[in-house]
Amino acid sequence: MSTSDNKETAQESTQVEAKPEDKPKENLPAFEKSLTDKIQKKFGDKTEIAYVKSNRTRVNVKKEDVVKAAQFIREMGFDHAESVSGVDYPESKEIEVVYHLGSYSDPTLAKQILALATRATREDDPKPGNDSTKLPSLRDVFYSVEFHERECFEMLGVFFEGHPDNRRLLLPEDWADIPPLRKDFGNKGR
Amino acid sequence: MSKQLTPKSSKKQSPESSKNLPPGLQLENVDDRIMTLNVGPQHPGSGHMRLIIKVDGDYIVNCDPDPGYVHRGEEKMAEYRNYITNIPHLERPVIHDSCNILYPYCLGIEELVGIEVPERAKYLRVIAAELNRCVYTQYWLAIYGIFLGHSTMFMWPAGDRELLIDLLEKMSGARVTHAYFVPGGIRNDVPANFEDVCLRQVNYFEKRIKEYAGIFYDNPILIARTKDTGVLSREDAIRLGTTGSVLRASGVDFDIRKKEPYDVYDELDVHSNVMKAGDSYARSKVPWLDMLESCNIIRQALEKMPKSGGVRTKLKPNPKGGDDEVYRRVESGRGSLGMHIVSDKKPQPYRLKISVGSFRNLIAMPYLLKGEKLGNMPAVYWSLNYWPVEADR
């Protein structure tokens, strides 16, 4: 993918997150809306509800508030992380980490996946673990994110502060290139 | 004398040499009592992964799983190919269960692009997914048997698996890597006499796997080796975020086919199998019960399926999604299999994250192995229904 493509992507993605607030909130699924309302009531302007769809909701928070938001979400009944995906946005110089949280213990939440997203600053010349690309770890809140965060650290170079074991997981120990899931890591022949 | 010297010299060396090491790596001091063992990556008992095990006598005191020997960068590759050309390579992480790994991908693309799947295709998808789940579980059961020293348990599932592989070959044309699911339905309809053949073989298959109880699950040797080893309590299973048979063996009734039905699972009577013990025996039995349940689901689907009709909604060339993201999950042979697809109005996904059951259950491995005897390692390891290639992606 060329750099001009990346430019467009990053601009578009920032626009999308601003959209849902402008939209009139009609036809939203009621139960999902009640979940996001609870979060918004507690945190107010600190959170941004990105979307409310059937069985899927997404909340964007700043990295200072992510631990408190996660603790609140855990109190709501979400008890484990299904997936943690890191998404690289080179043009806005940010890396987004999305936690997909689900619930085993509360049957009313069984269908729901709540995505909690936060963003870390991105360095053009990454030194994983030693630069400003850092986020607080959610491992103390959701134990199940431990390996997911380790994967995110090696694949995108996001260092999780407070994580007990920030080590390589899938990549070889002698990997000396930039984190491979960053957009500027080229795929040979493509 | 030499015993005194060794720790001293290693103490002096380690702080200096550790300065030159990349972050995350550390040298350890030589200790006489604790021995470090590398189980894998070539060891047949570990699959393509390494377990760094520390033993004190016969007891495991620490276990550090080191996956990644079959990491192929599926997620990175997907960013360079369009939604259709991604299909054949995305099933590679688990070729025995290729229908189930493509399922969330197809559901996700259908949601992104906004197309409907014909009714007959939905039923055929369920049949293919259930057949594939049995094919995978039979393969896993064969390996589980041989690593507990039960050669017959290797031969029987490996042989009976062929019945279902023949059916899948009739459906898709390929024995293992089917690439049968496409966004919008399935690739092609089944041959004319498929339903009769399918019903006959599935009934015979069910009769065969019921016989496994006699040689394997009621076998006193298996019970002695797996009962009360590697016990995972209900609370810990939830806290560790395990999924699939590991979760259900610990008493949590969570099957995505039932909790969040996709395609036509809500029209079928699906029973999820739960055991309360949480030990290796329960974890080895739940997938077998799932296979019996799969036979029920296939029979129901064959009965309810529309006898004719289209099987594929054609997509426009180079389908694109909006500025959107989806997260869809299905119940695979190893538990929840989710895909997070981020779209940016291009024919390729901007980001594709595959969250697989094997990777999620990996966190339970060090937890369960600590304090176990080394001899119990294969019984606990294989009971986790772990497929290294899928976990590495």
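Below, chain A is the first sequence line, B the second, and so on; all start at residue 1. All values below were derived from every heavy atom in this structure, side-chain atoms included, with hydrogens, water molecules and symmetry-related copies excluded.
Both the backbone and the side chain of A:Phe185 come within less than 4.5 Å of a heavy atom of chain B. In this structure, chain B has no heavy atom under 4.5 Å from any part of A:Val145. Using a 4.5 Å cut-off between heavy atoms, A:Ala110 touches chain B through backbone and side chain atoms alike. In this structure, chain A has no heavy atom under 4.5 Å from any part of B:Asn361.
By the neighbour-count criterion of 12 heavy atoms within 6.0 Å, atom NZ of B:Lys259 is densely surrounded, having more than that number from other residues, nucleotides or ligands. Within a 6.0 Å radius of NZ in A:Lys68, no more than 12 heavy atoms belonging to other residues, nucleotides or ligands are found. Few gaps surround CD on B:Glu267; more than 12 heavy atoms of other groups in view lie less than 6.0 Å from it. By the neighbour-count criterion of 12 heavy atoms within 6.0 Å, atom NZ of A:Lys134 is densely surrounded, having more than that number from other residues, nucleotides or ligands.
Among B:Asp66, B:Leu362, B:Val342, the residue making the largest number of heavy-atom pairs under 4.5 Å with chain A is B:Leu362. Chain B forms the most heavy-atom pairs under 4.5 Å with one residue out of A:Gln112, A:Lys111, A:Glu82, and that residue is A:Glu82. The most heavy-atom pairs under 4.5 Å with chain A, out of B:Pro261, B:Ser355, B:Ala237, come from B:Ser355.
Checked by atom type and distance alone, the side chain of B:Lys76 pairs as donor or acceptor with a backbone atom of A:Arg182 at under 3.5 Å. Looking only at distances, no side-chain donor or acceptor of A:Tyr104 sits under 3.5 Å from a matching main-chain atom of B:Arg239. Between the side chain of A:Lys183 and the backbone N or O of B:Tyr350 there is at least one donor-acceptor pair closer than 3.5 Å. Side-chain atoms of B:Arg351 do not come within 3.5 Å of backbone N or O of A:Asp88 as any donor-acceptor pair.
Residues B:Pro65 and A:Phe147 meet the side-chain proximity criterion, which asks for heavy atoms closer than 4.5 Å. The shortest distance between side-chain heavy atoms of B:Glu75 and A:Met155 does not fall below 4.5 Å. You'll find the side chain of B:Arg393 reaches within 4.5 Å of the side chain of A:Glu151, heavy atoms only.
Taking CD from B:Glu260 and CD1 from A:Ile113, the interatomic distance works out to 6.5 Å, rounded to the nearest 0.5 Å. In this structure, B:Met339 CE and A:Ser85 OG are separated by 12.5 Å, a value rounded to the nearest 0.5 Å. Rounding to the nearest 0.5 Å gives a distance of 5.5 Å between CZ of B:Phe359 and CG of A:Leu170. Taken from CD in A:Glu146 to OH in B:Tyr367, the straight-line distance is 12.5 Å, to the nearest 0.5 Å.
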Between A:Arg58 and B:Glu325, is the side chain to side chain contact (heavy atoms under 4.5 Å, CB included) condition met? List the steps.
CA-CA 10 Å; A:Arg58 176 170 158 158; B:Glu325 62 165 30; 2.9 Å; yes
Let me see the working for B:Glu79 and A:Leu181 under side chain to side chain contact (heavy atoms under 4.5 Å, CB included), right down to the final yes or no.
CA-CA 10 Å; B:Glu79 292 172 13; A:Leu181 275 180; 4.1 Å; yes
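For the pair B:Lys353 and A:Glu96, the salt-bridge criterion is not met [side-chain N within less than 4.0 Å of a carboxylate O].
With 3.5 Å as the limit, one finds no donor-acceptor pair spanning the side chains of B:His340 and A:Ser83.
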